[in-house]
Amino acid sequence: MDIKALIRNIPDFPKPGIIFRDITTLLKDAKGLKYVIDSLAYKCEQLPSLPEYVIGIESRGFIFAPALAYHLNAGFVPVRKKGKLPAAVYSIEYSLEYGTDTLEIHQDAVSPGAKVMIVDDVIATGGTAKAAADLLTRIGCEIVAFGFIVELKGLGGRNRLPNVPCLTLVEYD
Ligand code: AMP
């Protein structure tokens, strides 16, 4: 299936020079949605080690991670932006182009030694996925893979991540 044909490209959003890869047009297509979830699940099933938890990064990671977790008989765990999770959290601050941002996870969400996979819709610079990976590594989890629908290859994001399989479905330069 031609997934790219279902992804809408919005030039200069959210700021000049960025081409936003809009997945809402893919999500509303019944065949496209099924195809991307099934394809990512199939790739996961080939992994040497399956995740016990699929970690979704707020907010578009929340669209794909639970569906993937369901396929893999794994649990879903959210990693959220600062101040959203109600119970005790672990936090990590990371740098953006301008300023910093913070990701959080519930302290009782995953235990040391748990096998986890980190999922988001798009990997661009890799900064967000790297921060999530650092958070889970600090907890003592074993990261078995990363999964993204879209890879913006020219930004080299995957090179910033730990050396485990990084599963993606479509690439843009
Ligand atoms: P990064 O930390 O640079 O890898 O950015 C990843 C996050 O930003 C993901 O959560 C994406 O949803 C979002 N993102 C970055 N660039 C784009 C883009 N060109 N189109 C759509 N989403 C993007």
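Each ligand, and each atom within it, is numbered from 1 in the order the structure gives. Owing to the predicted nature of the structure, the values given are computational and were not obtained by experimental measurement. Counting from 1, the numbers follow the sequence of the chain as shown.
Nearest protein neighbour of atom 23 (C) of ligand 1, counting heavy atoms only, is Val122 CG1, 4.0 Å. Nearest non-hydrogen protein atom to atom 5 (O) of ligand 1 is Ala124 CB, 3.7 Å. Scanning the protein heavy atoms around atom 13 (C) of ligand 1, the nearest turns out to be Arg60 NH2, 3.7 Å. Among all protein heavy atoms, the one lying closest to atom 3 (O) of ligand 1 is Thr125 OG1, 2.5 Å. Protein heavy atom in closest approach to atom 20 (N) of ligand 1: Arg21 N, 2.9 Å.
Within a 4.0 Å radius of atom 8 (O) of ligand 1, the protein has no heavy atom.
With a 6.0 Å radius and a threshold of 12 heavy atoms from other residues, nucleotides or ligands, Lys4 has its NZ atom above the threshold. For CG of Asn163, the number of neighbouring non-hydrogen atoms (other residues, nucleotides, ligands) closer than 6.0 Å is 12 at most.
Rounding to the nearest 0.5 angstrom, the gap separating the CG atom in Asp120 from the OG1 atom in Thr128 is 6.5 Å. Here CZ of Arg138 is found 12.0 Å from CD1 of Ile105. Values are rounded to the nearest 0.5 Å. The distance from atom CD of Glu151 to atom CZ of Arg158, rounded to the nearest 0.5 Å, is 4.0 Å.
Proximity of Ile19 to ligand 1, defined as any heavy-atom pair under 4.0 Å, is confined to the backbone N, CA, C and O atoms. Residue Asp120 touches ligand 1 through its side chain alone, judged by heavy-atom distances below 4.0 Å.
In this structure, Glu58 pairs ionically with Arg80, as a charged nitrogen and a carboxylate oxygen lie closer than 4.0 Å. One finds a salt bridge joining Lys130 and Asp134 here, because a Lys/Arg side-chain nitrogen approaches an Asp/Glu carboxylate oxygen to under 4.0 Å.
Residues Glu104 and Ser91 approach most closely at OE2-OG, 3.1 Å, considering heavy atoms.
The contact set between ligand 1 and Thr128, taken as ligand atoms under 4.0 Å from a residue heavy atom, comprises 1 (P), 2 (O), 5 (O), 6 (C). In the vicinity of Asp121, heavy-atom distances shorter than 4.0 Å reach the ligand 1 atoms 9 (C), 10 (O), 11 (C), 12 (O).
For ligand 1, none of its N or O atoms has an N or O atom of Ile123 under 3.5 Å away.
Of the candidates Pro14, Gly126, Gly61, it is Gly126 that places a heavy atom closest to atom 4 (O) of ligand 1.
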